[in-house]
Each structure stands twice: as structure tokens, then as C-alpha cells.
Asks: 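Structure below; questions to follow.
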Protein chains: 2
Amino acid sequence: MDTKTALLESAERLARQRGFDAFSYADLSRNVGIRKASIHHHFPTKADLAAELVTRYRETFMAELSAIEQRERTAGQQLAAYFDVYKSAMRGGAQVCLCVSFSVSVSSFAPLVVRQINRFHAESLAWLERVFERGKAEGSIALVGDPSEEAQACLAVAEGAQLIARASGQMSDFDGAVRVIAQRIR
Amino acid sequence: MDTKTALLESAERLARQRGFDAFSYADLSRNVGIRKASIHHHFPTKADLAAELVTRYRETFMAELSAIEQRERTAGQQLAAYFDVYKSAMRGGAQVCLCVSFSVSVSSFAPLVVRQINRFHAESLAWLERVFERGKAEGSIALVGDPSEEAQACLAVAEGAQLIARASGQMSDFDGAVRVIAQRIR
DNA sequence: CCATACCTACCAAGTAGTAGGCAGGCAATA
DNA sequence: TATTGCCTGCCTACTACTTGGTAGGTATGG
């Protein structure tokens, strides 16, 4: 892996574990094994790092959702896979979604970063809305009301469930919060 | 208001706006109008401040839920009031629940603080479970499945909805995420 | 030859926290 | 009543350390 990617990976893990304000270039330096000053060669300011982090995260995440859409047959299975993405990304309750972490400290970010977070939410909602629409049509998700509203609730549940599981460190809390929706998959 | 309370109020607002790691004793000093060093007289370390903050927050919040339980007649109206507490506490999308903010950076807190956060979640769940149980019995909330699972989903929705609304700065996003549940109130 | 990627050695500003002093209130005591 | 002494709450002045960031140099490979 090239150094820049290694820095991004390390920064993403730290941001998702502790929050963006709670890690420093010194931490990255230790993790990646280059001097602190050298990091500025790849990311001149920490704001630059934040921007690249959130953009990369959104792109990767949306690529995963696209892959799910092609891989899984029914909308119900797609929804189950959506929850699984978050679940495995949480590493057993040790971290949360980058956008969850960034949302809290949104006021310390540049507009560009905030826009990426909102775009993440918007694209997630659009994907989920499609899923609920198909799930309703084909019957692979039970009790579907308005797909748009279902999508909004589902995104909120997924993000909130992460917070609760992060606090307790127990993935069973994530499962518990998601169950009411997951049970509707046929 | 006495100085200690003023410090707690200011710290709570800053923590909920930016996160606990993103404000300093210097910020409190400016807001409250005493010297930075004097803050250590009230809170020897920032960890002490975190502990008092989260304890006070949990107690205040639970007192509000008790008040709702006594004030509102039906379980449905109690649930509506629950969402309203969060809504008005968000100050138009400028901040989130303290425990939402703290959950992200849980790894930088002492066990005592983490325990308070989990207790907040546990007590919220217990309260919500009672509400869904009564709502099911009296018919003031429609389509109630297992009250415990409903409660877990509802807490997750409330917390997740805050994150999304915080990122966009629009309270309509909170309303949108909560709607699927709120619509079930009869 | 020159760009890339790294280095050492800094810097100014900000971080939590400490040491020690001082003013005023309050309460026990002479 | 006057005096003593302690406690609370704040102050100035400081420390040790970390923060993001800069300046300028060097090695290496196309």
C-alpha cells in the first residue's frame, strides 16, 4: 500500500474510533511510520485530510451499495446486506461510520466537508428508497408505507444503532435496534 | 446563577455543538468570565467536568421523561412529547443530545462517564418500553409489535435523526426520520 | 535534471494543569 | 465585641507538553 493510502486508512480508523478532533498528525506518524512533518507533503493541512477522507469514504460506501444492488436478488436481501455493511464496518463496536463521527463535529469542518456528509445522507436515502419501493412491489419487505419515509427512518435507525452499540461496545445493541425493520424482510 | 452551574451550562452547550474534545477551558473562561485557572477550582480536571456534565444531563433528562409521564394522558401523547424534547433541545439543528456527542468519543472517557451514557440509554429504553406497552394496550399507538424491540428502534431513530439534522442544519430532516413512528400515534 | 517523497529542525499558539497569593465571609473563641 | 483562623472563590504567573504547520535540506528513481 502506498503511503498516502496508509495515511488515509489510519486517519479513517482513528476518526471513527475517537472523532476527528481527537487524533493528531503525531498519531498518524506513529501508525504509518513516517515523520510528522512528512504527512504535510501528502495533506498540507488537516482540513485537506478531512476533505479527502470524507470524499473517499462516501465513494467507497456508495460503490458497496451499488455492488449490493447487483449482487442481491430481492430488495429484502439488499436491505439485510445494507445492515451487514454497517455491522462489519463497526469492528465489534469499536468504531462508527465516518459520517456519524463527522456529523457531531460538523461545525469545525469546511463547507466542502459538510457537503460531502450531506451528500452521503442523500445518496443513502435515494438507495434505500429504491430498495423499499422494490420491496413493497415484490413483497420482499413487509408493511412498507411511503418508501421515502421508510428510507429516512431506516437511515436514522442505522446511524442511531451505531451510537448505542458504540457506547456499550456490544454489537447485540445494534442488532436489537435494527430488528424491528430487519424482521420485516421476507 | 452560580459560577459552577454557569460553567456546566456553557460546557454542555459547547460539547453538544462541537464535541467534548473540541472545546477548551479557554473557551469556558471567555464564556463565563472567570480566568482559565479558576475553572480548575470547580473542576480539577477536564475528566471531572465530563463526569459532572453527563451525570447532570442524564438526571435532568430522566426528570423530564418522568414529568411527561405524569403530564400527558395517553402513551401516544407521551411518545410525541418525547420527540419534542429532543427537537427543542437541538436548537434548530445547532446541537445534539450530549450522549450522542459523547458516544462517538467514548474511548477518550473514563469508565464512569461511559457507564453514565449506557445508563442514559438503558433508562430511556425502559421508559420507551413502558410507553409502547401502554400504547399497545390502550390503542394510542398503532401497530405495536414487541414493546422492547419497538423501544430500541425508537431510541435509535431519535439519536440517528439528530445526527442527520445536525449535518444538514435542518430540523425537517429530524421530523422526516421520526415520521414513520410519529404517524402511528392515534 | 528534476520531481517525488521523505527527513531534521524549527515555530507560534494552544492544551490541561500547578503554585501560590489574596480578598471576603463565616464561625468559634477570648 | 473584637480577634483569630479557616474556607471559598477567584486571581496572576507559570510549567510541561501537544497542536498544526513551515523552512530548507537530502536521497532516489525516471
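The basis for the numbers below is simple: all heavy atoms, side chains too, and nothing from hydrogens, waters or symmetry mates. Numbers restart at 1 for each chain; the letters A, B, ... are given by sequence-line order, proteins then strands. Everything numeric in this text was worked out from a predicted model, so none of it was measured.
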Asks: Can you pull out every ring pair (Phe, Tyr, Trp, His ring centres under 6.0 Å) where at least one residue sits in residues 151-186 of chain B? Sequence neighbours excluded, please.
Replies: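 For residues 151-186 of chain B: none.
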Asks: How many Å lie between CD1 on A:I39 and C1' on C:dT4, as a whole number?
Replies: 17 Å
Asks: Does a side-chain N or O of B:T3 approach OP1 or OP2 of D:dC10 to a distance below 4.0 Å, or not?
Replies: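 So the side chain of B:T3 is within the cut-off, an N or O lying under 4.0 Å from OP1 or OP2 of D:dC10.
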Asks: Think A:H41 has a side-chain N or O under 4.0 angstrom from the OP1 or OP2 of C:dC6?
Replies: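 For C:dC6, neither OP1 nor OP2 has a side-chain N or O of A:H41 closer than 4.0 Å.
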Asks: For atom CZ of A:R73, is the number of surrounding heavy atoms from other residues, nucleotides or ligands below 6.0 Å larger than 12?
Replies: no
Asks: Would you kindly give the NZ-to-C1' distance between A:K4 and C:dC6, to the nearest whole Å?
Replies: 15 Å
Asks: Short of 4.0 Å, heavy atom to strand atom, which residues of residues 9-22 of chain B count as contacting DNA chain C?
Replies: none
Asks: May I have the distance from B:L28 (atom CG) to C:dG17 (atom P), rounded to whole angstrom?
Replies: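 My rounded result for the distance is 12 Å.
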Asks: Using links of under 4.5 Å between side-chain heavy atoms of ILVMFWY residues, direct or through other members, which residues join A:V104 in one cluster?
Replies: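 A:V96, A:V100, A:L163, B:V96, B:V100, B:V104, B:L163, which link up through side-chain heavy atoms under 4.5 Å apart, make up the rest of the cluster.
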Asks: Identify every side-chain donor-acceptor pair in residues 1-8 of chain A under 3.5 Å, counting partners at least two apart or on other chains, and give the distances.
Replies:
{"residue": "A:D2", "atom": "OD1", "partner": "A:T5", "partner atom": "OG1", "Å": "2.4"}
{"residue": "A:K4", "atom": "NZ", "partner": "A:E52", "partner atom": "OE2", "Å": "3.3"}

Asks: Filter on salt bridge (Lys or Arg N to Asp or Glu O under 4.0 Å), then keep only pairs touching residues 79-106 of chain B, sequence neighbours left out; what's left?
Replies: B:K87-B:D175
Asks: For B:H42 and D:dC11, give me the distance from atom NE2 to atom C1', rounded to whole Å.
Replies: 12 Å
Asks: Once you round it to whole Å, what is the distance between P of C:dT4 and CD1 of A:I34?
Replies: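 So the two atoms are 16 Å apart, to the nearest Å.
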Asks: Applying ring pair (Phe, Tyr, Trp, His ring centres under 6.0 Å) as the test, list every pair that has at least one member in residues 116-165 of chain B; sequence neighbours left out.
Replies: B:Y57-B:F120, B:F61-B:F120, B:Y82-B:W127
Asks: Reading nucleotides 12-30 of chain D 5' to 3', which nucleotides get B (base under 4.0 Å from a protein heavy atom), which S (sugar-phosphate only), which -?
Replies: BB-----SBBB--------
Asks: Please list all pairs passing the ring pair (Phe, Tyr, Trp, His ring centres under 6.0 Å) test where one or both residues lie in residues 27-53 of chain A, with sequence neighbours left out.
Replies: A:Y25-A:H40
Asks: What salt bridge (Lys or Arg N to Asp or Glu O under 4.0 Å) pairs are there with at least one residue in residues 16-31 of chain A, not counting sequence neighbours?
Replies: A:E12-A:R16, A:R18-A:D27, A:D27-A:R30
